[in-house]
Amino acid sequence: MIQIFNTIEEINTKAATLFVVSAQKAIQEKGKFTAVLTGGSSPAGLYKLLASPDYKSKIDWSKVYIFWGDERWVPLDDDRSNAKMSFDTLLSHVPIPQENIFPMYKEGVSPGAYAVTYEQSVKDITGPDGKLDLILLGLGDDGHTASLFPGEAVLHEQTKWVDAYRLESQNMHRITLTAPLINKAEQIIVVAFGEKKAPALKEVLHGDYNPTTYPMQLIKPVTGELLFLVDKSAAGTTN
Ligand SMILES: O=C(O)[C@H](O)[C@@H](O)[C@H](O)[C@H](O)COP(=O)(O)O
């Protein structure tokens, strides 16, 4: 499903409200809430809103567990780090126990080895079914999501829940949740705004099924809900 908004602020308000509702429901039903944060630049405003008093006060952060959808394999203090962005805008501003936060990077470990460790961390928290409560995703201008980039072998991964590989186009290693794990989620929210997203979003939603070129098309929750929160520019309806 897609919801089109006039402004980024409206998108962030909707996404923050859905995050709070999902957290309250999961904590009430299971005593915990497992959330996956996305990187990139789009979610920064959402994370700052969640860290504001009106929203953060509505969540029992002691029962929240945070994972990432993907990461650039760079140190946690590197400005390219998705974890750094998330801490700077959200996680350093809410009372969440550090042991409940699972950065997708570890110094002195290979990305491939850490992918195995990370998968076990997900299993330890979610249980063997790997069902995460809420996954936030962004949409790359080229149609990628998380670190599921066009033409990469990881798009065809059906067994691993977490994988790592060298993304030659960016001269760096990436570590990412795979589509099979993402699609187990209860709720998946994609936040995308700006006219640069319009060509990819149009293909993802209305084009032929071509996930090798548009990896976002791999995201089809098995039992959960997929919601695109976009602005008119991204939806191509600015007229
Ligand atoms: O590591 C990353 O870059 C992100 O996880 C990536 O998947 C992001 O969500 C998209 O590239 C959109 O990025 P923007 O929000 O910056 O457009």
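Quick note: numbers below take in every heavy atom, side chains included, and nothing from hydrogens, waters or symmetry partners. Both counts, for ligands and for their atoms, begin at 1 and track the order of listing.
By the 4.0 Å N-to-carboxylate-O rule, Lys84 lies too far from Asp78 to be salt-bridged with it. At a threshold of 4.0 Å, the pair Asp133-Lys30 counts as salt-bridged, since one of the basic side-chain nitrogens sits closer than that to a carboxylate oxygen. Note on Glu195 versus Lys197: no salt bridge recorded, every NZ/NE/NH1/NH2 to OD/OE distance being 4.0 Å or above.
When each atom of ligand 1 is checked for a heavy atom of Gly39 under 4.0 Å away, the hits are 4 (C), 5 (O), 9 (O). The Gly138 neighbourhood of ligand 1 comprises atoms 9 (O), with distances under 4.0 Å to a heavy atom of that residue. Counting atoms of ligand 1 from 1 in the listed order, those under 4.0 Å from a heavy atom of Leu139 are 12 (C). Set against the non-hydrogen atoms of Asn82, the atoms of ligand 1 under 4.0 Å away are 1 (O), 2 (C), 5 (O). Of all atoms in ligand 1, listed by their number and element, those nearer than 4.0 Å to a heavy atom of Lys197 are 12 (C), 14 (P), 17 (O). When each atom of ligand 1 is checked for a heavy atom of Ser41 under 4.0 Å away, the hits are 14 (P), 15 (O), 16 (O).
When Leu167, Thr38, Thr145 are ranked by how near their heavy atoms come to atom 9 (O) of ligand 1, first place goes to Thr38.
Looking only at protein heavy atoms, the nearest one to atom 3 (O) of ligand 1 is Arg72 NH2, 2.8 Å. Distance from atom 15 (O) of ligand 1 to its nearest protein heavy atom, with residue and atom name: Ser42 OG, 2.6 Å. The closest protein non-hydrogen atom to atom 5 (O) of ligand 1 is Asp70 OD1, 2.5 Å. In this structure, the protein non-hydrogen atom closest to atom 11 (O) of ligand 1 is His144 NE2, 2.7 Å. Ranking protein heavy atoms by distance to atom 7 (O) of ligand 1, first place goes to Ala146 O, 2.7 Å. Among protein heavy atoms, the minimum distance from atom 13 (O) of ligand 1 is reached at Gly40 CA, 3.9 Å.
Remark: the backbone N or O of Ala192 is not paired with any side-chain donor or acceptor of Ser42 at under 3.5 angstrom.
In this structure, Tyr118 and Phe102 have perpendicular ring planes: the angle between them is above 60°, well past the 30° mark.
Note on ligand 1: Arg174 sits in its first shell, one or more heavy atoms being nearer than 4.0 Å.
Ring-centre distance between Phe19 and Phe33: below the 6.0 Å cut-off.
Under a cut-off of 6.0 angstrom, the local environment of CD in Gln120 is crowded, with over 12 non-hydrogen atoms contributed by other residues, nucleotides or ligands.
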Walk me through it: do Glu186 and Lys131 pass the test salt bridge (charged side-chain N to carboxylate O under 4.0 Å, His left out)? CA-CA 7 Å; Glu186 176 68 20; Lys131 190 180 179 71; 3.2 Å; yes
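For Lys63, the salt bridge (charged side-chain N to carboxylate O under 4.0 Å, His left out) partners are Asp60, not counting sequence neighbours.
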